[in-house]
Each structure stands twice: as structure tokens, then as C-alpha cells.
Amino acid sequence: MAITSKSIALTFIFLSYTVSCVSSQRETKFLNHGFLEANLLKFGSSKVHPSGLLELTNTSMRQTGRAFHGFPIPFVKPNSSNSISFSTSFVFAITPGLGAPGHGFAFVISPSMDFHGALPSNYLGLFNTSNNGNSLNRILAVEFDTVQAVELNDIDDNHVGIDLNGVVSLESTPAAYFDDKEAKNVSLRLASGDPIRVWIEYDATEMMLNVTLAPLERPKPNSPLLSRKMNLSGILSEEHFVGFSAATGTVTSTHLVLGWSFSIEGKATDFDITKLPSVPTSPPPLSPSPSPPATIKKKSNNTKLIIISALAIGAILILVLASFWIFRRRQRFFTRGAPKFSYQSISSATGGFESSKLLGERNSGSFYKGQLSSTEIIAVKRITCPTRQQKTTLIVEIDAISKLRQRNLVNLLGYCSKGNDIYLVYEYVPNGSLDRFLFSNDRPVLTWSERFCIIKGIASALQYLHSEGQRPLIHGNVKASNVLLDEELNSRLGDYGQGSSTGHVAPELVETGKVTRDTDVYAFGVLMMEIVCGRKAIEPTKPPEEISLVNWVLQGFKKGDLLQRCDARISREELVAREVLLVLKTALLCANRSAEARPVMKKVFQYLDGTESLPLD
Ligand SMILES: *[C@@H]1O[C@H](CO)[C@@H](O)[C@H](O)[C@H]1NC(C)=O
Ligand SMILES: *[C@@H]1O[C@H](CO)[C@@H](O)[C@H](O)[C@H]1NC(C)=O
Ligand SMILES: *[C@@H]1O[C@H](CO)[C@@H](O)[C@H](O)[C@H]1NC(C)=O
Ligand SMILES: *[C@@H]1O[C@H](CO)[C@@H](O)[C@H](O)[C@H]1NC(C)=O
Ligand SMILES: *[C@@H]1O[C@H](CO)[C@@H](O)[C@H](O)[C@H]1NC(C)=O
Ligand SMILES: *[C@@H]1O[C@H](CO)[C@@H](O)[C@H](O)[C@H]1NC(C)=O
């Protein structure tokens, strides 16, 4: 937590004082252009700039910043059980640190301002793994999330969601606004650094909650981005606090609020845009500087970690830091290494990076399909490096990674460097990613023997990475969308997806933020369950006992009906019960909450291969 225990203690003393003094006051409306004059209680990393700008977090890692309006708001009329309508509007800006943005912020309505024990990163400083989703929280939040946490069911790394009592959204959608003139949705980048205005309105009679976004200079769109029927009577009690919470993780952003208007009687007052503080323009330099700026030179190891994870061409690229630095020291001016491609050849292979060749696009880069020769098809990932230092770091990593060869890895063929950009050239894997096969209906259903073979392939690739000579590699991002399937449906582990997010998150990873071989084993355990059961790790729409796949499989194991957990789309004649049980039991060992209890990848591979028998049997 970013708050020290001393400041927590002080905060509580101050809080109980304030609350007892003011709770008799009934404030129903306020308008802040900037926050210099505002009645605001700040917690954690939040502070108000001399310009009036409210900064919830800066770009340091794993911070939490919150700010609440100083008086509780009476959300329920005295002697009535119905909650009342409210309307709020605010203007925010998110400026990413070096690399990908993270993690986002939320507008929050909460019965208390005490969030001790809440986690940063994906939990946005509001919840932790034990109280996430608990209906006793009675917290309504609207999240502006810039990192995709697959285990929390995030749809992408740029979405707005309505959250009730937890960070798994009831409903979410990619950030966009409705352009009334053109009558179409226009997408918005939350972490663009540009001010964005939000309107959140709840009509208690209709029981409708609407969330609307637009760039600051535009009028309010006629259509909301999110509109959801919700009965908030059970959630909002007489007095609730309103405010904001933001968090960073290993990826970071500066989260800023420029102004805030609130009302529980009628519409929130409109801003006078000219009175809002402006957002400082200090994004990281986008052109290579002759030498890195002094601030970057002084950055701590932590910041190096940010740079690396942001640039991570994922998977195979995430090196254990320690060994990486040793390697780097030895090879400061590494010149030989990964094969180089000319920009010309890559550009012509991809038709000049034509949009029809775009395979996918994420924070960390864009993927294009290319044809090098009549027989050679490649996938090219373009990464833009803001500084020369980042580029050098990346090239050192590429050189190390290019030496890896294993039949279940997506092989890196080489790279090309031009200006600020680095182009990574991979072999092209034709059948796309495993998640499409498992979770959508647009691909053929995988048979049991195909699934078993895919699982063993991933195990083999992970075992290879973990044991690679003197320098074991951590994948750090094991999940279905990072497994590609070739013509014969063999699995090929890569990282074609979300460079900035991680796969299934082991409990200790949430606490430490540090990927290890053990966190890879955990993620692989969850992935095995997804492959066998044909469903995602977390499915909030299922009955409570089935929401968490790991729990559901564990319950199945305890009741002795593990076979019932198998994907119903696999024909029962085709199932090999012995293999299904072997995989699910191995998966349970891997997904053990305690890192020490998990087997190492070598053992996992032997269990699956049948050369070692399971301790459970
Ligand atoms: C963020 O704020 C903290 C506390 O105010 C400070 O120690 C840290 O250096 C800041 N980080 C950056 C990147 O400015
Ligand atoms: C609410 O109820 C209490 C007792 O039940 C009563 O004393 C009070 O006057 C009522 N307030 C209003 C506004 O009706
Ligand atoms: C989770 O948060 C709740 C409420 O803030 C707190 O009481 C609890 O101790 C936290 N749990 C952990 C494991 O930190
Ligand atoms: C715009 O987006 C909203 C919310 O995602 C959707 O309901 C609506 O149909 C979209 N409108 C158009 C014209 O695409
Ligand atoms: C919410 O949006 C719907 C659909 O546009 C609209 O009919 C309704 O009046 C809106 N409600 C509020 C409270 O803004
Ligand atoms: C809304 O929820 C409250 C409390 O949970 C309940 O008493 C009320 O009947 C609900 N209203 C509707 C229309 O469902």
C-alpha cells in the first residue's frame, strides 16, 4: 500500500473527527472547477497541484490514490426505503508512464472511506482477493480500466464498466462516444492524455444507470455508452461517500481529475470549460534522444521493470531480471545476435503495413501478416520505443530470445530496426489463437485427443523455457490467447496478444507483482482447466459455486465427479477418462494457492507424459 501506517492513523483520527462534525449537514450538490477550494479528503498517493488539478496517482508503481468529497451524501430520503436519483459529471485525463498505461481509475459510491487492505493494480485500490464481489461491500463503481485482466473478465485494455461490490464488471464496453451528427460510435483512448468528460446519471424511478463519455470539447452525446437497469435501493443507504480511486501496478499512468460536479437533485451543473485547470503536457519524448534524459538514467530497478514489461514482446521475452542484467553487463555492446531483416523486405512483405494485413493491435504493438517469398509467410510485430535506451534494452533481449528453438514455441526469426520502431519477425502460425477455439463458436470444437495434445505441447514449451541452460526464462503471460495453433493443431506458445497484461494470476502475484516460475505453473494449471472444461477461469454470470473454475474443479474433485466438469461439447464416447482425470488432477496441483506446493514444470510434464505418477493417486 502506498499509505504508511502513520498516515493511515492520522487519516482515521482526522476522518472520525470530520465525519462526526459534519454528518448532520445534508449536502446535495457541489461543483468544483479544479480542487483548490474543494472540500476533498485525500488518501494514498493523491494530491492537488497548485493549478487545482487532482492527481490520484503519478507514474510510480503499485500506488493507490483516492479522493472523496468531504461530506457524506444522503442517498435515501429520511424515512423512506427508496434510493434517490443522482447525477454527476467529471473531467479526467490519463497520461501513461513509459510504456503501456495502467491500471485505471473508478468513480466510487461507498458507505465508508476505509479501504485498508485493498489492492492496487487490477483491484483499483477498492477491493482485494478476499472481499472482491462480496455483497456486503455495498459499493457502486464505474471503472475506467486501461489493462486487460482476463481473470477478472476484462474485455480489453480500454474499457468502461459498471461494477457492483467488486471489479468484475456487471457490464462493460470499449471506451467510445456517440457522435450525434454522424450517428455512429467513435472510439476513445482513455489513456491518451487528453481530457475526457463523463456523465453518470441514475434515475431511481426508472432504475436506470447511464454512463456517457465524450472528449472535453464536445457536447454531451444523446446516447449513453452504458445504460443499465439497476435497483440500487439495497445498495445505497442513507449516507454514502462519493469519490475516485486510482491505482497503478507494474504498468503505470498519471491519473488526473480536472473538475467534478455532483447533484442528488436534478442534473449536475455543467462545467465552464475555461475554468478547468489544464493537463500538463509532459508525455515521454517520442523521438530518440542523443542520450537518455537524466531522469531516465536515475530510474530505479523498479522503473526498469516497467520499461521491460511495457516492451515485453511477452512470453519468451520476459527474462528473469537478475540473469538479464548479468547478461547485459557482459554483452554491453552486443553486436552479433538475432538475424536482421531489411526494412524494405518487411515493408514489401506486408504491403507497406496495409490495414488489411493487420492481425491484431495492442498496447505493446501491432501485428501484421506478411509474405516474404512465395513459400515464406511471417507475422511482423511493430513496437515503438520512446527512447534510445529502451530500444537498446529491447535489442539485447531479442538477441537472447532469438536463440531459443523449440517445436512448441512461436519462433522469432529476426528483427529490423528503423527510427523509433523495432519490427519483430515471427513465423506465421495459421490457425490463430486457442481462445477462439475454446470460448467462441466460430471454430470447430476441439476433440479430446486434440486438447490433450495441445496441453502437452504447452507443458513442453514451458518446461523448455524454465530449464533453458543457465538462464531460465519466465513466460509471465500464460493464457489461451497466447497459445497459437498450427495446421495440425499443435500448440505453439507465443505472446501475440496483450503485452501489458498477465495471464491467470497466482495469489502471490497479486501481492508481490513479481512473475516467477511458480506463477507460470499456476497460470498453466488454470489454462489446463479451461482447455478441458471449455470455459473461462472466471464466469460471473454462472451460479455462485461455478463462477471460479478452479473452485468448481476442486469441488468436483472432492465429490469425486471430476469427469462431469469436462466440456459438454466433447462427445462422451471420445473421452478418455483416465487422461481427463490425469489432466484435471495435475491442474489442481499446479493451481494450488500455495506456491511452494506447486510442482515444477519438469514434473508437470512428466505427470502428463505418464513417466511419473501423480502424488494424489
Ligand atoms: C510519485 O509520488 C511519490 C510521492 O509523492 C514520489 O516519491 C515519486 O517520486 C513520484 N514518482 C514519479 C514518477 O514522479
Ligand atoms: C422520520 O421518522 C422518525 C421516527 O420514526 C420521526 O421522528 C421523524 O420526524 C421522521 N422524519 C420525517 C422527515 O418524516
Ligand atoms: C481485504 O479488504 C478488507 C476491507 O478493506 C479488509 O478488512 C481485509 O483485511 C482485506 N483482506 C486482506 C487479505 O488483505
Ligand atoms: C453504439 O454503442 C452502443 C453501446 O455499445 C450500442 O448500444 C449502439 O448500438 C451503438 N450504436 C451504433 C450506431 O453503432
Ligand atoms: C438513460 O439513457 C436512456 C437511453 O438513452 C434514456 O432513455 C434515459 O432517459 C436515460 N436516463 C437518464 C437518467 O439519463
Ligand atoms: C428494489 O430493491 C429493494 C431492496 O432490495 C426492494 O425492497 C424493492 O422491492 C426493489 N424494487 C423493485 C422494483 O424491484
Side-chain angles (χ1 to χ4, degrees), residues 1-4 7-8 12 42-49 55-66 95-99 102 108 110-121 123-139 155-156 158-162 165-167 169 171-188 209-214 221-228 245-248 250-256 280 282-284 293-296 298-300 302-307 507-508 510-512 593:
M1 281 305 339
I3 334 175
T4 64
S7 74
I8 292 178
F12 282 138
K42 300 182 287 294
F43 305 88
S45 58
S46 68
K47 50 181 172 266
V48 174
H49 291 205
E55 177 189 289
L56 294 166
T57 74
N58 62 15
T59 55
S60 289
M61 294 203 289
R62 297 184 64 76
Q63 292 183 90
T64 300
R66 282 180 225 104
T95 310
L98 296 161
V108 188
S110 161
S112 135
M113 290 187 275
D114 174 11
F115 287 87
H116 87 273
L119 295 169
S121 319
Y123 291 87
L124 299 176
L126 292 173
F127 305 102
N128 56 35
T129 45
S130 44
N131 70 2
N132 188 31
N134 188 331
S135 60
L136 297 176
N137 293 336
R138 296 170 66 222
I139 293 173
I155 49 168
D156 66 5
N158 184 52
H159 62 269
V160 181
I162 298 175
N165 301 324
V167 277
S169 303
E171 186 164 339
S172 63
T173 181
Y177 68 96
F178 188 75
D179 183 322
D180 296 312
K181 271 212 204 92
E182 310 263 321
K184 63 168 194 198
N185 290 318
V186 181
S187 63
L188 267 178
L209 182 72
N210 288 354
V211 181
T212 313
L213 263 70
N222 288 328
S223 300
L225 176 65
L226 285 169
S227 184
R228 184 174 174 103
S245 180
T248 62
T250 49
V251 285
T252 67
S253 307
T254 308
H255 295 96
L256 302 166
S282 56
T295 51
I296 290 177
K298 277 189 260 155
K299 292 280 149 107
S300 64
N302 276 356
T303 314
K304 280 173 187 154
L305 183 64
I306 303 184
I307 296 171
E508 78 274 13
V510 177
E511 308 290 339
T512 62
R593 292 191 65 79

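Values below: every heavy atom of this structure, side chains too, minus hydrogens, waters and symmetry copies. Order of listing sets the numbers, starting from 1, for every ligand and every atom in it.
When all heavy atoms are compared, the tightest approach of P120 to T248 is CB-O, 3.5 Å. Of all the heavy atoms in N210 and R228, the pair that sits closest is OD1-N, 4.5 Å.
Numbered from 1 in the order shown, with element, the atoms of ligand 3 that lie under 4.0 Å from a heavy atom of S130 read 1 (C), 11 (N), 12 (C), 13 (C). Which parts of ligand 1 touch K47 is read off a 4.0 Å heavy-atom cut-off, strictly below it: atoms 2 (O), 5 (O). Atom numbering of ligand 3 starts at 1 in the shown order; those under 4.0 Å from a heavy atom of G117 are 1 (C), 14 (O). The atoms of ligand 1 that sit less than 4.0 Å from any heavy atom of T59 are 13 (C).
Considering both main-chain and side-chain atoms, D114 never comes within under 3.5 Å of ligand 3 through any nitrogen or oxygen pair. Where the criterion is an N or O separation shorter than 3.5 Å, residue side chain and backbone included, Q63 fails it with respect to ligand 1.
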Given R62 and S121, is the side chain to side chain contact (heavy atoms under 4.5 Å, CB included) satisfied, shown in steps?
CA-CA 6 Å; R62 297 184 64 76; S121 319; 3.3 Å; yes
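Between F115 and the choices N128, N131, T64, L126, the side chain to side chain contact (heavy atoms under 4.5 Å, CB included) rule is met once, by L126.
Between P111 and I139 the shortest side-chain heavy-atom distance falls below 4.5 Å.
Protein residues having a heavy atom under 4.0 Å from any atom of ligand 4 are T173, F178, A183, N185, L225, listed by chain and number.
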